[in-house]
Chemist: 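First the structure, which I've put down as structure tokens, then a few questions once you've had a look.
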Amino acid sequence: MHRTHYAAEVSAQEIGKTVAVAGWVDRRRDHGGLIFIDLRDRSGVIQLRVDPSAGPVFSAADRLRPESVIAVEGVVRARPPGMENPELITGAIEIEPMRLAVLSEAKTPPFLPHEEAERVDELVRLRYRYLDLRRPKMLAHFALRNRVVFAFRRYLHEHGFLEVETPALARSTPEGARDFLVPSRLQPGHFYALPQSPQLFKQLLMVAGFDRYYQVAKVFRDEDLRADRQPEFTQVDIEMSFVDQEDVLREMEALVHAVFRESLGVDLEPFPRLTWDEAQRRYGSDKPDLRAGPPLLDLTAAAHRDHWPVLGAAEHVAAVVLPGVNPSRRQWDGLLERARALGAPGLIWLWRGEDLRTNARALGAGFVEALAAAAGIARGDGLLVVGGPRAETCAVAGQLRLEAADAFGLRQSGWKFLWVTDFPLFEWSDEEGRWVSAHHPFTMPHPEDLDRLETDPARVRSLAYDVVLNGVELASGSMRIFQPELQARVFRVLGLSPEAVTAQFGFLLEAFQYGAPPHGGIAFGLDRLVMLMAGAKSLREVIAFPKTARGTDPLTEAPSRVDPRQLRELSLTVVEPS
RNA sequence: GGAGGUGUGGUGUAGUCGGCCUAACACGCAUGCCUGUCACGCAUGAGAUCGCGGGUUCGAAUCCCGUCACCUCCGCCA
């Protein structure tokens, strides 16, 4: 019996013909004298109809269990009038099996791979991942993922990018996330690190003159997990030579447009651009969600000019406009509490209805009117106002904007992309007591800020940029330093001694001395992109065999202890935690 | 490292301010019946000592302490 059709491919055209299908028993409906079997394969389901005249086929069908694997050869029949199922692609036909072979009998599974399995405890789903992946929805996630990767590859291939693999066993570098280490047997006491990104290798490929590179690269970061963070994940890593930032942004935006068109059939709008500074001021975030209502208002000037009570003394005054809402007293109180939890000492709310409602009555009716006027709110609009130090105030207002948008259903649907540019080059690390790279140490400083590199690191911008989609950081990149002297200056600001630099990055700096082109690039978080495209809430829904929040795999029970012999070969001893 | 949530037959849940719980319901499972179903239907039945350990109590799924697992968030993630 050799399969001739996928289940959902059998159509009315085959009526009267003999076909062979194979797959899993999705459901069995036994009417005693008549048995219906839904046979499921990757394409969908088709109904088999077995009646007692079928002899051995009937007795086999009688004993069939859900999720057993069967192969069937039979004649395609039109269903009797009135018996069609419009819900099914194959709902107008059925197969009358002449032969039925049970290829593999299934135990009763812990859950059946129907869509209700969505509600099964996730631990059980992960423990039996192969059953969970049988669900059409999960399959659809991976079909989408495949289309997305294929679209990336097609575009990049067609635009002259070369896919090159870089090592998974690489050198540990101290900057950035915690490394996963791999002990070396041949070099006792030495370790490889799994790459956090192919960053250094792709820059070396630019020095090599490969000009345009990409890689669908698995990368690793040993940090705590989140719904949108797994210890191993996939980047579409890209680098280009002889380009400026504008070239990169234009090419990468075209790439994303192509990926959406090809894999979802969606034509995207051009991406708006915001500088990091604007993003902070208007959204209180470096990854604004443009769907969550209007941007923040900056009322600082009005507050200072008119000497508003309380707010007049604040460094920054930010307001969230809530268009067309009617919050209850309880909801206002909830927002007040959230503001306090986020670190804002106070929050003024007001709402324009018949008259002006507010919690700031005590500050004077005139002030309240002035506030409403300054914000320009219309009837039915609400307003949240916070004041204080600039960065904190923007952050709190930005967070309130998101939470209020969800509370009042203001968050729209759609694909709201944007570029965030001009990230700061450095951030002060209290923990380390020094400046650290905001992106990575090879990021090109903004040319206009070069003269204050040493004198005012906080105000040095960089040629670094992110792609943000619906409030999620989707891609991050930068133009790179390719002059050894400039790189040395940046390392100095970072407090890295020449010796440390030579030890850790000497090979890169040396490479730059042999002729390095100007270059820059970006890396897309593939898993996150697919998650958003699939409308999923967790990366685990778009990774075939993901890890739990504690970094384990309930299916294979990784990580595991290893045989002492293995440890000895690696010159390792385990010190048990006390 | 911290905070919160969850944990009851195979699965999902109810019960959780102690006794009526000899733990209920749905799905699944088993057996039987059923020739047009497609979440088939009907009947009968099996199956959990309530994550684990300890404590309080005459009595604990229920209260207390500890612990484990999973989920979410903060820290962390160049």
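Per chain, numbering begins at 1; letters A, B, ... match sequence-line order.
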Chemist: So A:S197, base contact, sugar-phosphate only, or nothing? Heavy-atom distance under 4.0 Å.
Modeler: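 Counting heavy atoms under 4.0 Å across all strands, the contact made by A:S197 includes a base.
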
Chemist: When the C1' atoms of B:rU22 and B:rA60 are considered, how many whole Å apart are they?
Modeler: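 That atom pair is separated by 16 Å.
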
Chemist: Quick one: the side chain of A:R27 and the base of B:rC38, do they pair up donor-acceptor inside 3.5 Å?
Modeler: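 Absent.
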
Chemist: Quick check on RNA chain B: between A:N85 and A:R550, whose nearest nucleotide comes earlier from the 5' end?
Modeler: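 Closest to the 5' end, via its nearest nucleotide, is A:N85.
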
Chemist: Polar-atom pairs under 3.5 Å, protein N or O versus N or O of nucleotides 43-48 of chain B: list them with distances, or write none.
Modeler:
none

Chemist: Using a cutoff of under 3.5 Å, can you pull out all pairs of nitrogen or oxygen atoms linking the protein to nucleotides 12-16 of chain B, with atom names and distances?
Modeler:
residue	atom	partner	partner atom	Å
B:rG12	OP1	A:D121	N	2.7

Chemist: How does each nucleotide of nucleotides 24-36 of chain B score, in 5' to 3' order, for protein heavy atoms under 4.0 Å: base (B), sugar-phosphate only (S), or none (-)?
Modeler: -----SS---BBB

Chemist: With rounding to the closest Å, how many angstrom separate the C1' atoms on B:rA48 and B:rA14?
Modeler: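 Nearest-Å result for B:rA48 against B:rA14 at atom C1': 14 Å.
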
Chemist: Please give the distance between the C1' atoms of B:rA69 and B:rU8 as a whole number of Å.
Modeler: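 Looking at atom C1' only, B:rA69 and B:rU8 are 16 Å apart.
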
Chemist: If the C1' atom of B:rU31 is compared with that of B:rG19, how far apart are they to the nearest Å?
Modeler: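 To the nearest whole Å, 38 Å.
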
Chemist: I'd like the C1' distance from B:rG10 over to B:rC29, given in whole Å.
Modeler: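 8 Å, rounded to whole Å.
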
Chemist: Determine the interatomic distance between P on B:rC17 and the same-named atom on B:rG51; round to the nearest Å.
Modeler: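 Their P atoms lie roughly 15 Å apart.
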
Chemist: Which residue, A:T552 or A:H440, contacts RNA chain B at a nucleotide closer to its 5' end, judged by nearest heavy atom?
Modeler: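 Residue closer to the 5' terminus by nearest nucleotide: A:T552.
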
Chemist: B:rG28 and B:rC40: how far apart are their P atoms, nearest whole angstrom?
Modeler: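 Straight-line distance between the two P atoms is 8 Å.
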
Chemist: For the pair made of CG in A:D553 and P in B:rC70, what is the distance, rounded to whole Å?
Modeler: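 Rounding to the nearest Å, CG of A:D553 and P of B:rC70 are 11 Å apart.
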
